Amino acid sequence: MREGVFSDGRTVSISGNLEEIRDLGGLKFAIIRDFEGRVQVVLSKKFSDPQLMSALDSTPRESVVRVEGVCRSDARAPSGFELKPTKYEVISRAQSPLPIDVAGKTETSLDLRLDWRFLDLRRPEVSAIFRIQSKLGLAVRKFFEDRNFFEIHTSKIVGQATEGGANVFPIFYFKRSAYLAQSPQFYKQMMIAAGFERVWEMGPVFRAEPHHTPRHICEYVSIDLEMGYIKTYDDVMRTVEDLMVSCIAYLLENAQDEIAVLTSTQAMGEEISLPAKPFPRVSMREAYSMLAERGLSIPYGSDLDPAGERALGEAVKEKYGNEFVFLTEFPWSVAQFYHMRKEDEPDWTNRADLIFRGLELCTLAQREHRYHTLVEQTKEKGLNPSDFEFYLNFFKYGVPPHGGGALGIERIVMQLLGLKTIREAVLLPRTPERLTP
RNA sequence: GCCCAAGUCGUCUAGGUCGGUCUAGGAUAGGGGACUGUCACUCCUCUGACCCGGGUUCAAAUCCCGGCUUGGGCGCCA
């Protein structure tokens, strides 16, 4: 928190955390860190008040302090200027030693960092991740606004589980049982049936899956979109493709400082570059043979395993030079009842995944909107249509052909920045083991 | 849910295979001291740890069993 104009000779103040004191005897340098960055404060036996010097000396690191003083340009200072203090105040004293190393001189395990997340987030290279995430959110909003998508907010408390597969968290809803939403998908489609034409939503979803992997968390932020009046699901793919490219372009333009912080501290494992459009499309059937050429055998008609996704990512990068790839035409055997099948080949569907650097970022599909076909598919998947009456009703009274998809914002950040685990990309990750802070 | 691995000062680690000079070493943080341009400041000095419970043994940080915690892989998924 800064007050005043930081130019030569002006009296200014900075409030923030006392990061470090470098004590050279008669000369001391104190580094104060606020949300903007770091400011160097210089003290000397020659020109500083001895009481002020000893007060600073006895302040534990990370305490919140306020320094008022004269701003002086000096090429020797890290930022080109420094403060000669006239007033010093300890606003809130920190206990010591600190439970984790905030200065970053020793690496602290992620688990302990998450226990002390508020201290961990004081590190600029950690907060940079979330500044980028915040800007990504802005880019997403801007993108949908530009394309006349209508933003919706659907309920996260639901009366029945939507999709098969993913487990749901049961909760108490007064005297009834309910669940935390694992996807807004049915509600997005409901809004298409309501005539909203194109909708999007960004909000939390919940998955009660006991995974122990670097790419799963039990609560994540989902970017959801649904488009009415599509001709094919390639309309959805092109939208997702445009979304990714415009988001990356936005970050390259507007998050240069944050990217620089991450690059300079080696917190970032990957370079960010603007991907070329269109992203390569590889059908599942092509993927099977591409992977077979690499000695990886995926049973025909089944989904890729994580090793398969990684290998496909590499193969596509070699062949097409793109880190993104749409994996298209999923087999009906692994599809959901609401996915639309290919007209001429009913064993395959209009469903695709977007894979970025070997990890699934997005699942999208054209939905089956023809009521009777949908009911048939429900039965074919061994489900009871009456359990899905609320959903099936959307299709009884006129609904345009539509499709949509969902992307996990944390996975985008993780893959874009080359983070080792998705937990780095969440302020407060929820895993099967972690429910606090 | 299944499989594998790991728990040592506040923090990050060495040691463990072959049990015994390990009285557990180093770095960083913390206390004390020296130092007038640091920017991972430097130097001297001090404090500080073997996850818990049981077992084997003359002897356990080290080997065995159980528990707890954590990390990774798989199924599944964004």
Side-chain angles (χ1 to χ4, degrees), chain A residues 19-31 38-48 53 57-58 60-62 72 74-80 82 94-116 119-120 163-168 182-185 202 204-224 240 265 302-310 334 336 353-356 359-364 405-415 420-423 425-426 431-434:
Chain A
E19 187 170 281
E20 191 170 20
I21 301 169
R22 301 200 187 99
D23 185 349
L24 277 67
L27 185 70
K28 297 181 207 298
F29 299 97
I31 312 297
R38 297 183 171 102
V39 168
Q40 174 163 289
V41 174
V42 62
L43 299 104
S44 164
K45 269 181 184 165
K46 271 187 191 164
F47 54 76
S48 297
M53 274 181 96
D57 239 349
S58 61
R61 70 171 67 211
E62 290 304 317
R72 293 190 54 100
D74 193 316
R76 294 170 297 181
S79 54
E82 60 194 9
Q95 292 188 15
S96 104
L98 296 156
I100 65 170
D101 182 2
V102 176
K105 295 189 180 187
T106 62
E107 193 85 12
T108 303
S109 69
L110 180 62
D111 195 52
L112 203 60
R113 285 171 48 203
L114 292 174
D115 284 341
W116 296 96
L119 294 176
D120 184 46
E163 292 176 53
N167 298 318
V168 290
Q182 56 187 177
S183 164
Q185 188 192 315
M202 184 156 57
V205 293
F206 306 89
R207 303 279 165 101
E209 295 164 335
H211 301 303
H212 294 93
T213 81
R215 60 189 181 279
H216 287 99
I217 34 178
C218 294
E219 176 184 5
Y220 67 91
V221 175
S222 179
I223 302 168
D224 268 89
V240 169
T265 55
S302 66
D303 201 352
L304 302 190
D305 56 21
E309 285 183 3
R310 287 192 291 270
V334 300
Q336 301 287 346
D353 276 4
L354 176 64
I355 294 172
F356 175 44
L359 181 67
E360 188 179 324
L361 277 196
C362 172
T363 291
L364 61 88
L407 304 93
I409 194 168
E410 298 86 354
R411 280 198 176 180
I412 298 173
V413 171
M414 170 192 177
Q415 287 306 88
K420 288 189 188 73
T421 155
I422 196 163
R423 297 192 296 282
V426 192
T431 65
E433 292 75 30
R434 181 175 288 279

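Predicted model, so just to flag it, every value in this text is computed and none were measured. These numbers come from the heavy atoms of this one structure, side chains and all, not from hydrogens, waters or symmetry mates. We name chains A, B, ... by the order of the sequence lines, and we start the count at 1 in each one.
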**Q** For B:rG72 versus B:rA34, give the span between their P atoms, rounded off to a whole number of Å.
**A** 47 Å
**Q** Has the side chain of A:R310 got a donor or acceptor atom that lies under 3.5 Å from a matching backbone atom of A:L359?
**A** no
**Q** With A:R38, which residues qualify under salt bridge (charged side-chain N to carboxylate O under 4.0 Å, His left out), at least two apart?
**A** A:E19
**Q** Does A:R215 put a side-chain nitrogen or oxygen below 4.0 Å from OP1 or OP2 of B:rC76?
**A**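 Checking A:R215 against B:rC76: no side-chain N or O falls below 4.0 Å of OP1 or OP2.
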**Q** Going by an N to O cut-off under 4.0 Å, is there a salt bridge joining A:R76 and A:D74?
**A**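 Judged by the 4.0 Å cut-off on N to carboxylate O distance, A:R76 and A:D74 do form a salt bridge.
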**Q** Sticking with atom P, work out how far B:rC2 lies from B:rG66, rounded to a whole angstrom.
**A** 15 Å
**Q** Going 5' to 3' through nucleotides 37-44 of chain B, assign each nucleotide B (protein heavy atom under 4.0 Å from a base atom), S (under 4.0 Å only from sugar-phosphate atoms) or - (no protein heavy atom that close).
**A** BBBSB---
**Q** How far does the C1' atom of B:rC9 sit from the matching atom of B:rU17, given to the nearest Å?
**A**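 Here B:rC9 and B:rU17 have their C1' atoms 26 Å from each other.
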**Q** With rounding to whole Å, what would you report as the distance between B:rG67 and B:rG75 at their C1' atoms?
**A** 27 Å
**Q** When you compare B:rC46 with B:rA29, how far apart are their C1' atoms, in angstrom units rounded to a whole number?
**A** 14 Å
**Q** Thinking salt bridges, do A:R434 and A:D115 make one under a 4.0 Å N-O criterion?
**A** yes
**Q** For A:S96 and B:rG30, is the shortest distance between a side-chain N/O and OP1 or OP2 below 4.0 Å?
**A**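 No, because none of the side-chain N or O atoms of A:S96 sits under 4.0 Å from OP1 or OP2 of B:rG30.
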**Q** Base contacts versus sugar-phosphate-only contacts with protein, heavy atoms under 4.0 Å: please encode nucleotides 7-16 of chain B as B, S and - from 5' to 3'.
**A** ---SBS----
**Q** In terms of the nearest nucleotide of RNA chain B, which residue is placed more toward the 5' end: A:T363 or A:A307?
**A**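 Result: A:A307.
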**Q** With rounding to the closest Å, how many angstrom separate the P atoms on B:rG19 and B:rA59?
**A**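 To the nearest whole Å, 15 Å.
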**Q** Taking CD1 from A:I422 and P from B:rG71, how many angstroms apart are they, rounded to a whole number?
**A** 14 Å
**Q** Could I get the full list of ring pair (Phe, Tyr, Trp, His ring centres under 6.0 Å) partners for A:Y220, not counting sequence neighbours?
**A** none
**Q** Looking only at atom P, what distance separates B:rA78 and B:rC18, rounded to whole Å?
**A** 48 Å
**Q** Using the C1' atom as the reference point in each nucleotide, state the distance between B:rC39 and B:rC50 in Å, no decimals.
**A**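 Comparing C1' positions in B:rC39 and B:rC50 gives a spacing of 37 Å.
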**Q** Applying salt bridge (charged side-chain N to carboxylate O under 4.0 Å, His left out), which residue pairs with at least one partner in residues 95-105 of chain A are found, sequence neighbours left out?
**A**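 Applying salt bridge (charged side-chain N to carboxylate O under 4.0 Å, His left out) to every pair that reaches into residues 95-105 of chain A, excluding sequence neighbours, yields A:E20-A:K105.
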**Q** Please write out each protein N/O paired with an N/O of nucleotides 1-6 of chain B under 3.5 Å, distance rounded to 0.1 Å.
**A**
from: B:rG1; atom 1: O6; to: A:P210; atom 2: O; distance (Å): 3.3

**Q** Which one, B:rG72, B:rU36, B:rC76, comes nearest to the side chain of A:K46?
**A** B:rU36
**Q** In Watson-Crick or G-U wobble terms, both distances under 3.5 Å, what is the partner of B:rA5?
**A** B:rU70
